Amino acid sequence: MTIFIAEVIVDVAAYPVDRSFDYLVPEEMVSLIELGSRVKVQFGPRNVLGFVVALKQDTEVPLEKIKPISQLLDIEPVLTSEMLQLAKWLKHETICYEIDALQVMLPSALRAKYEKIITLQTDIENLPDALKPFFSQSSKVNYKEFEKNNLLHTLKMALKEKVVVLENVVKQKGQVKEVRKVQINDELEKLIALSKGISNRAKKQKVLIEWMMQHVGETLEPDTLYHETNTSPQVLQAVIELGAAKFVHEEVYRDPFSKEVGKTNFLNLTDEQSLALQKITSSMRDKRTETFLLHGITGSGKTEVYLQAIAKCLEDGKEAIVLVPEISLTPQMTERFRSRFGELVAVMHSGLSVGEKYDEWRKVHQGKVKVVVGARSAIFAPFENVGIIILDEEHESTYKQEDNPRYHARDVAIWRGKYHNCPVVLGSATPSLESYARAKKNVYSLLTLKERAMKQALPTVQIVDLREELKKGNRSMFSQELIESIESRINKKEQTVLFLNRRGYSSFVLCRDCGTVLQCQNCDISLTYHRSNEKCKCHYCGYEEFVPKFCPQCQSEHIRFFGTGTQKVEEELYKLFPHARVLRMDVDTTKTKGSHEQILEAFGEGKADILLGTQMIAKGLDYPNITLVGVLSADTSLHLPDFRSAEKTFQLLTQVSGRAGRHEKKGEVVIQTYTPEHYAIELSKAQHYEPFYEREMLMRHLAGYPPYYYLALVQISHEDVMMAAEYAQKCVEWLRSNLSFNVSIIGPTAAGISRLQNRYRYQCLIKYKIEPDLIPTLMQLIKLYRSQWIKNGILLSIDLDPTMI
DNA sequence: AGCACGCCGACT
DNA sequence: GTCGGCGTGCTC
């Protein structure tokens, strides 16, 4: 007799169980179970969720050890075999648990929710008195109830006496949303017979059934029925009991799109655009695994190239994945896709609820849509016949996931491109140095758009030296030039966007007598003052407190708020331009769902003269009346202790400048800075990417950073400083003796934020060019950590290819 | 990870 | 003599 065995990866993220376990497939499941199915299994003493990663007919494991699968959770498997392979690759590439790699590909609604349930075993009278009231309603009670009421001790006794038992149940988080509809009986004769049999007193029932006779077999919403026939639920209920119709439950998708969009057509392409499109489509036609870098200046119409390439892909009967950075996933952006491809588009981003995300995912899974537009995780869209993958704004750091698995969407995109033999298009006005270097070495194919699509001139950029302003005695944050420019816009009824680089610019709370700055209790970072609720908040761990009346150090009452947050700039703007209408966009004003869109929409409709904001306004803003962009301080991001700070600054400035004058009216940009001579600022003036690239590459070469060297970052943290330092040292020594001399190891050094959530953090950086043994060696380090160091309270994480240091 | 098993000190 | 501390080891 043949037996069927499934290899299962269980939902337990731990080092010793990071492998598959064999389970017996019960007979009734044999024809249903598939690779990628979710199953419920007993694992040791508990019930857990697992994924079937292989099916086979024999096993090395002694049969008496093997348990059967207890339940199959999906009729259709949730993961394709492509995903299973991808998970193995991710596990190796990012050094994570296989289960984490699998879970990251699915919407969180499909993750398991574990609950402990206590079941009564005997008569309620045999229970200790304290427990009795809990079981008066039902014999099953959630463990949490006892936890809440401090009865765990009594419960433990009861468990020991076996008057109750504890079981772990696995539940699914997400729910398929259903609506109740009425399905009218499809036999006309039956309806006629019923209508004849109805007593003359039941007039409404008669009306309803007669109406149904006109709509035999249809399924419709109860409300339509009531409306059409002027009846009520009671009448319908009666008619249903007679057998004229029945209630059915229908699966529906939650609709995250609030408004309808019209249809738009293809725009005419410039020569450059057509050439780029043609290269991409011919690569699709030849099923080449080719990665393109589409380098097009702001306003050059990259999106139109994407749209037409996707149209071609759909014509070939294939699917398309489009990734955009989270912050630019605005309605303006998604509408462009929906207006072109209508119902064929699913949108995935973090603003959706768990249920909405699940629905969008199901549309893809069930083949109802052909195009996905989404943030990072949309790269795992479960399409089976991908024709093109597009990463817009390829240089964005949001494509890198900052917790496990620490994957980069670009790498996953290229992997999937290889799997499906389809092109991957990386698009940007300011490509990451890594990508541009690869394009230059012909690893990627470079496509260039040098002209703006509608031939608009680039905005004129003026760089203002704030040191000169200071000499002139202007100590405000607005230079004379900027003030004049804003004034002229207000007079001309044109709009201004003011950009504040928030990093290092948030307002802190300072004691004027002793100089103490309020610090977070858990992190080594100063608290940020929020005027809206008069509190100070830690942006890293969420800790908050009311602004103290007296300085905690010297008891002085001279406490003041210091620094330049968006709120402060707003106040100053009102002083300078009392009649200007200002919209502020920052973490405070965009807390509620949809407020982001509302603000942008209001601005687009001309309800304000000035839009003031942080990073989030740098992207996607495209309104014809914006003719001035002001950057209040360009250099705040320049002095961060990160080797990418110059690149980030250049990208940001170019991006922001690109917001001005995208339509008929000419744009102007004013950049204020204390270091106008810095190449990142100077070269962003004319959007000269190439010279910037050359210059920055030289710097990277000299300092030994990417793209010349690869990086790996190991972070060690502990509640005790000494322990953290000691183990960081241990770690470095271990790496030195296990890696070859081709590798340079820097550290240990204290991390940028040396204390976070009450843990002291150290890190060391590994720079290498070629080190084939790096991953195996790091895996050994992880093994050492997971098997020994972890017991002493050490936390260690490895980030291959870190984006921030 | 999370749970059982098992071996030693301080309590009714 | 028993309760409970947490070191060790296993999970198909």
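All values reported here derive from a predicted model rather than from experimental measurement. In what follows, chains carry the letters A, B, and so on, assigned in the order in which the sequence lines appear, proteins first and then strands, with residues in each chain numbered from 1.
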Original post:
Quick one: A:Ile9 CD1 to C:dT11 C1', roughly how many Å, whole number?
Top reply: 14 Å
**OP:** Determine the contact category for A:Pro16: base if any of its heavy atoms lies under 4.0 Å from a base atom, sugar-phosphate if only primed atoms, P, OP1 or OP2 are that close, otherwise nothing.
**Re:** base
**OP:** Could you tell me the separation between the CD1 atom of A:Ile790 and the P atom of B:dG2, rounded to a whole number of Å?
**Re:** 12 Å
**OP:** Give one of base, sugar-phosphate or nothing for A:Phe43, where a contact means two heavy atoms less than 4.0 Å apart.
**Re:** base
Original post:
Does the side chain of A:Glu402 come under 3.5 Å of the side chain of A:Thr803 through a donor N or O and an acceptor N or O?
Top reply: yes
Original post:
How many Å lie between CG on A:Asp22 and P on C:dT11, as a whole number?
Top reply: 13 Å
**OP:** Ignoring hydrogens and angles, state whether a donor on the side chain of A:Tyr114 or A:Asp11 is under 3.5 Å from an acceptor on the partner side chain.
**Re:** yes
Subject >> Donor-acceptor pair under 3.5 Å, A:Arg46 side chain vs B:dA1 base >> reply: yes
Original post:
Taking CD from A:Glu60 and P from C:dC12, how many angstroms apart are they, rounded to a whole number?
Top reply: 17 Å
Subject >> Test item: side-chain donor near acceptor, A:Ser717 and A:Arg761, under 3.5 Å >> reply: no
**OP:** Can you tell me the distance, in whole Å, between the CG atom of A:Asp18 and the P atom of C:dC10?
**Re:** 18 Å
Original post:
Between B:dG2 atom C1' and A:Tyr97 atom OH, what is the distance in whole Å?
Top reply: 13 Å
**OP:** Kindly point out which of B:dC3, B:dA1, C:dC12 is positioned nearest to the side chain of A:Lys116?
**Re:** B:dC3
**OP:** Calculate the interatomic distance between A:Tyr143 atom OH and B:dG2 atom C1'; express it in whole Å.
**Re:** 12 Å
**OP:** Report the distance from atom CZ of A:Arg786 to atom C1' of C:dC10, rounded to the nearest whole Å.
**Re:** 18 Å
Original post:
NA contact type, A:Gln42, heavy-atom cut-off 4.0 Å: base, sugar-phosphate, or nothing?
Top reply: sugar-phosphate
Original post:
When you check the side-chain N and O atoms of A:Glu434 and A:His395, is any donor under 3.5 Å from an acceptor?
Top reply: no
